[in-house]
Amino acid sequence: MPKESKKTETPTPETEEEALGTLEALSADRRKKRDVLREAGIDPYPTRFDRTATAGALHAEHDGLDADVRTGQIAKMAGRLTSLRGHGKLVFVTLSDVTGSIQLLIQESNRSDQAAKVLEALDLGDWIGAEGEVITSRRGELSLDVTELWLLSKSLRPLPDKWHGLTDTDARYRQREVDLLANPESRKVFDIRFKAIAALRALMQEEDFVEVETPILQPQAGGALARPFFTHGNALDIELSLRIAPELYLKRLVVGGYERVFEIARNFRNEGVDTRHSPEFTALEAYRAFGDYNDGMDLVERMVVEAAKASTGKLTFTIGERELDLTPSWPRRQLLDWVEELVGQRLHPNDPVEKVRGVCKEFDVDFLPEWGSGKLIFEIYDTILLPTITNPVFVCGFPVEVSPLARHTAEDPTLADRFELCIDAKEFANGYSELNIPEEQVERFSGEAAAAAKGDEEAHPADLAFVRALEFGLPPTSGIGLGVDRLIMLLSEVEAIRDVILFPMMRPEATH
RNA sequence: GCGCCUCUAGCUCAAUGGCAGAGCAACGGACUCUUAAUCCGCAGGUUUCGGGUUCGAAUCCCGAGGGGCGCACCA
């Protein structure tokens, strides 16, 4: 037989013995243990298990007991076997469930015959069920004195190192399930994530916002300035974009009479991947009739503070070397005032473009020739002002030129009633008094079309269905968008957006 | 897209041009209070892949692939 073709065959018993310790052998060994149970008439994949207690509940009830105490309470528990320490006739096992972990104490003198057989077949990582009396060990650890033991499902693959866990970032992202079961810190990040999102929902409901769902597949992606993903709809034979923001549809719902709506929206932007950007990310957008952008700031501040308290119980965070304090209330500063402090002269969207370009050159801010003064000022904000920000601050009053969907201020038609919430040198939220004057919206879209004609790939496309909706009347409305992933990064004190996304976008795997 | 770094046993890491190693996990054994248990024994490798230089390559060179970081774009 040619040597090359041997690889693809399933391993024969001989090769298993030869290669004891390889992945195939480790897996074969676990399979064999499972099959031994089957032969003994024990089902290694029972269809259900009725547990009577969780680790968390038992700890809550019994922590603080003296050592060597028997409670008389019988509990049935289920979870993953995460540690096993044998002492001959006595075996200690750590069983981990969703609430925490508890020690199983398995004594030869107390366990059933079936429990003995199951114990013999166990490996790290197996799902198990156990029944026994709740006791404390001689060292005082709360334990189950096991009489019955069940295998609930076998892990046919070995777990990562119990002490170091899984550190390879590639493997952690691609096999998040392994990351979660092996690395408690990783699990903690996602616990924070989903608690924070639940808290945001609760707050929005308390404020009488209705949670809605708007299209992800859209004939034309709008509501933000970004490059979309495209796909094809077979039924209608049309090109579709994945949404870059839910904004336009949410405002149409306000036109329709939903005075307070929000959506926790997965958005898709066909752009770069780095520590703070993911092509697929989550934003919470909310729209409230009869409010303006000041109401938006109030709301955002409450959202972030509530999410922080609910998920972590604190308001101060350490990311790398940076200390951040979210204690309200946060300063609200005018963009133009702040820029003036930084560059030493007053800039305004009405200024001749040459003047603003001069400042850009002086401060090494890159720009494109087609940009107007408003966009240039925004760029100065983005590249030299934003990086100086640590604690939360609302930056207010952005140029209309970079805010095609926002109302201009009462005093100045070149500035928008718009804010951005900045924390730790990143934009966390954006909000404004919504532009609700149809003719003006049409004008803004024309301006964007002109930019697109000059080659701006991220110009906002004119959305005539949206304009038609505005013609039915959008009440004065306050809109906000909060970057949920970035909020979670802050709350869980991690530096990479991929650490807060369960399954971040990766190149397909070559092998499994 | 460009630059830099990285890839060794299932996992975590050594070996800097000279016999591919350790810890954990596994396997065999001892042990009724451990908790990164301990002790004895045993096994586990196409050093990501493909070329090249060399008496000799995990190591140096070229190319490919995966991943990370920085820049650019963006929130």
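Sequence lines set the chain letters: A, B, ... in the order given, protein chains first and strands last, and positions in each chain run from 1.
Taking atom NZ of residue A:K375 and atom C1' of nucleotide B:C73, one finds them 10 Å apart after rounding to whole Å. Here the C1' atom of nucleotide B:A72 and the CD atom of A:E379 are 12 Å apart, to the nearest Å. Distance A:Q175 CD to B:C11 P: 9 Å, rounded to the nearest Å. The distance between atom CZ of A:F419 and atom C1' of B:A75, rounded to the nearest whole Å, is 14 Å. In this entry the distance linking CD1 of A:I488 with C1' of B:A75 reads 15 Å, nearest Å. Rounded to a whole Å, the CH2 atom of A:W163 is 12 Å from the C1' atom of B:C24. For A:H164 and B:A22, the NE2 to C1' distance is 12 Å, given to the nearest whole Å.
OP1 or OP2 of B:G66 lies within a sub-4.0 Å distance of a side-chain N or O belonging to A:R507. Between A:R174 and B:G67 there is a side-chain polar atom (N or O) within less than 4.0 angstrom of OP1 or OP2. For B:G67, neither phosphate oxygen OP1 nor OP2 lies less than 4.0 angstrom from any side-chain nitrogen or oxygen of A:T169. Checking the phosphate oxygens (OP1, OP2) of B:C27, a side-chain nitrogen or oxygen of A:K33 falls inside 4.0 Å.
The side chain of A:I497 approaches B:A75 more closely than any other nucleotide in the set B:A75, B:C33, B:C27. If you check B:C31, B:A26, B:C69 against the side chain of A:T275, the one that comes closest is B:C69. Minimum atom distance to the side chain of A:K89 is reached by B:U32, of the listed B:U32, B:C27, B:G10. Among B:U32, B:C11, B:G45, the nucleotide with an atom closest to any side-chain atom of A:Q107 is B:U32. Among B:U35, B:G45, B:U32, the nucleotide with an atom closest to any side-chain atom of A:Q103 is B:U35. Each of B:U32, B:A75, B:U12 was ranked by its minimum atom distance to the side chain of A:D161; first place goes to B:U12.
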Take A:E263 and A:Y249 through the test side-chain hydrogen bond (donor to acceptor under 3.5 Å, both in side chains) and record every step on the way to the result.
CA-CA 10 Å; A:E263 179 167 12; A:Y249 285 98; over 6 Å; no
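Here the CZ atom belonging to A:F367 is positioned 4.5 Å from the NZ atom belonging to A:K361, to the nearest 0.5 angstrom.
For A:E120, the CD atom is loosely surrounded, since the number of other residues' heavy atoms within 6.0 Å does not exceed 12. Heavy atoms of other residues, nucleotides or ligands lying less than 6.0 angstrom from CZ of A:R266 number 12 at most. Surrounding CG of A:D66 are at most 12 heavy atoms belonging to other residues, nucleotides or ligands under 6.0 Å away. The environment of CZ in A:R172 is crowded: more than 12 heavy-atom neighbours from other residues, nucleotides or ligands sit within 6.0 Å.
In this structure, A:G483 reaches neither bases nor backbone, as no heavy-atom distance under 4.0 Å exists between it and the strands shown. If you check every strand for non-hydrogen atoms under 4.0 Å, A:D170 touches sugar and phosphate atoms only. If you check every strand for non-hydrogen atoms under 4.0 Å, A:L225 touches sugar and phosphate atoms only. Here A:S278 lies in heavy-atom contact (under 4.0 Å) with a base. Residue contacts shown for A:G165 are limited to sugar-phosphate atoms, with no base heavy atom under 4.0 Å away.
In this structure, B:U35 makes no Watson-Crick or G-U wobble pair, since no nucleotide meets both defining distances under 3.5 angstrom. In this structure, B:U16 forms no base pair with any nucleotide, since neither Watson-Crick nor G-U wobble geometry is met with both distances under 3.5 Å. Within the shown strands, B:C40 is the pairing partner of B:G28 under the Watson-Crick or G-U definition, both distances less than 3.5 Å. Applying the Watson-Crick and G-U wobble criteria (two distances, each under 3.5 Å), B:A57 pairs with nothing in any strand. Using Watson-Crick or G-U wobble geometry with both donor-acceptor distances under 3.5 Å, B:U48 finds its partner in B:A64. Pair assignment for B:G3: B:C69, on the basis of Watson-Crick or G-U wobble contacts that are both within less than 3.5 Å. Using N1 to N3 plus N6-O4 or O6-N4 for Watson-Crick, or N1-O2 and O6-N3 for G-U wobble, each under 3.5 Å, B:G23 pairs with B:C11.
Taking atom P in both B:C69 and B:C33, one finds a spacing of 48 Å when rounded to whole Å. Distance noted for atom P between B:A57 and B:G50: 15 Å (whole Å). When the P atom is compared between B:C4 and B:C19, the two are found 32 Å apart, to the nearest whole Å. Rounded to a whole angstrom, the distance from the P atom of B:A64 to that of B:G70 is 24 Å. Taking the C1' atom of each, B:A26 and B:G41 are spaced 14 Å apart, rounded to whole Å. To the nearest whole angstrom, the two C1' atoms, one in B:U8 and one in B:G45, are 8 Å apart. Comparing B:A22 with B:A14, their P atoms sit 16 Å apart, to the nearest whole Å. Straight-line distance between the P atoms of B:U47 and B:C60: roughly 16 Å, to the nearest whole Å.
Figure legend: cation-pi geometry between A:R418 and A:F398, with NZ or CZ positioned under 6.0 Å from the six-membered ring centre and within 45° of its axis.
Residue whose closest nucleotide on RNA chain B sits further toward the 5' end, between A:L90 and A:F428: A:L90. Position along RNA chain B of the nearest nucleotide to A:L166 versus A:R85 favours A:L166 as the more 5'-ward residue.
Below the 3.5 angstrom threshold, one finds a donor paired with an acceptor across the side chain of A:E141 and the base of B:U35. Not a single donor-acceptor contact under 3.5 angstrom links the side-chain atoms of A:D274 to the base of B:G70. At a cut-off of 3.5 angstrom, the base of B:U35 holds no donor-acceptor pair with the side chain of A:S137.
A salt bridge between A:K32 and A:D35 is absent, with no side-chain N of the basic residue lying under 4.0 Å from a carboxylate O of the acidic one.
The two residues A:L151 and A:I128 have their closest heavy-atom pair at CD1-CG2, 4.5 Å.
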